[in-house]
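Before any comments, here is the structure.
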Amino acid sequence: MVEIKSKREIEIMKEACKLARATQKKVEEAIKPGISTWELDKIAEDFIRQNNAIPAQKNYPHPDSRIKPFPATLCISINDEVIHGIPSKKVFLREGDIVSVDLVVYKNGFNGDCARTYIVGNASEEAKKLVDITRKAFFEGIKYAKKGNRVGDISHAIGEFVTKNGYSVVKEFQGHGIGREMHEDPAVPNYGKAGKGIRLEPGMTIAVEPMVMIGNDSIVELDDGWTIVTESGNLAAHYENTILITEKEPEILTN
Ligand code: MG
């Protein structure tokens, strides 16, 4: 069931979303060649806790109970890693890397979720273009995030834009409703048919998140049970915001 948030709930949720965005900025400022992904994680966790909030991804359970819960505040996915990369004291950013940072903040009972892909120093034209198209795919999608449209309209717009530009979208993972829970209905895939799926109504809050790869759309899960990489070894990028459906244009809550 898709929850419609009240005005009051949305006001509270905006705080979590604002803090999620501010945390991204903190991480972005710290990104440089030589920093470990563990250090970035520490910066984010400290900042979130200083702001009386909780890093919601930390200890998040894996759907397969044999795999340990996610151990960190940030998902940090470098180059061919698509999503859910685990920060580590042994992994250091290098000039030319692209690094996707996904985070969820839980504050006063609500979640805010956003992801960005950053470029470390100077990257190849190929990498820069991928990051740019991934961000643009989000904005193509939310053109359709309007009252009366359907979820499939967003999915279709993202998928068409990405494939038209010669890239692939991840099909196994998708955007989602968000609110008191990190993952709520509806699912918001990055491909699909226009005119399908549930109808969008004011008060719905959803995370729209294109995950885009160079080359084919095959992904592989690493042995840690979390990290998703491209099977080809090609680069991948991710861009996500939590948005609110309104009477008119969608509002980006994590901006
Ligand atoms: Mg996210």
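Since the model is a prediction, treat every value here as computed from it, not as a measurement. Counting starts at 1 for both ligands and their atoms, in listed order.
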Problem - Euclidean distance, I54 CD1 relative to E45 CD, rounded to 0.5 Å - result: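 Between E45 CD and I54 CD1, I get 10.5 Å after rounding to 0.5 Å.
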
Problem - Spatial distance of atom CD1 (I98) from atom CG (D80) [nearest 0.5 Å] - result: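 Atom-to-atom, I98:CD1 and D80:CG are 9.5 Å apart.
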
I'd like the atom name of the N/O/S atom in [X] lying closest to the Mg ion (ligand 1).
X	value
D102	OD1
D113	OD1
E240	OE1

Practice task
Could you tell me whether Y60 and H183 have their ring centroids closer than 6.0 angstrom?
Solution key: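 Under 6.0 Å, so yes.
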
Handout entry: Metal check, the Mg ion (ligand 1) vs E209 N/O/S, cut-off below 2.8 Å
Key =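 Given the 2.8 Å cut-off, E209 does not count as a ligand of the Mg ion (ligand 1).
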
Problem - Donor + acceptor pair across side chains of Y118, Q24 (<3.5 Å) - result: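 Yes, side-chain donor-acceptor contact under 3.5 Å.
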
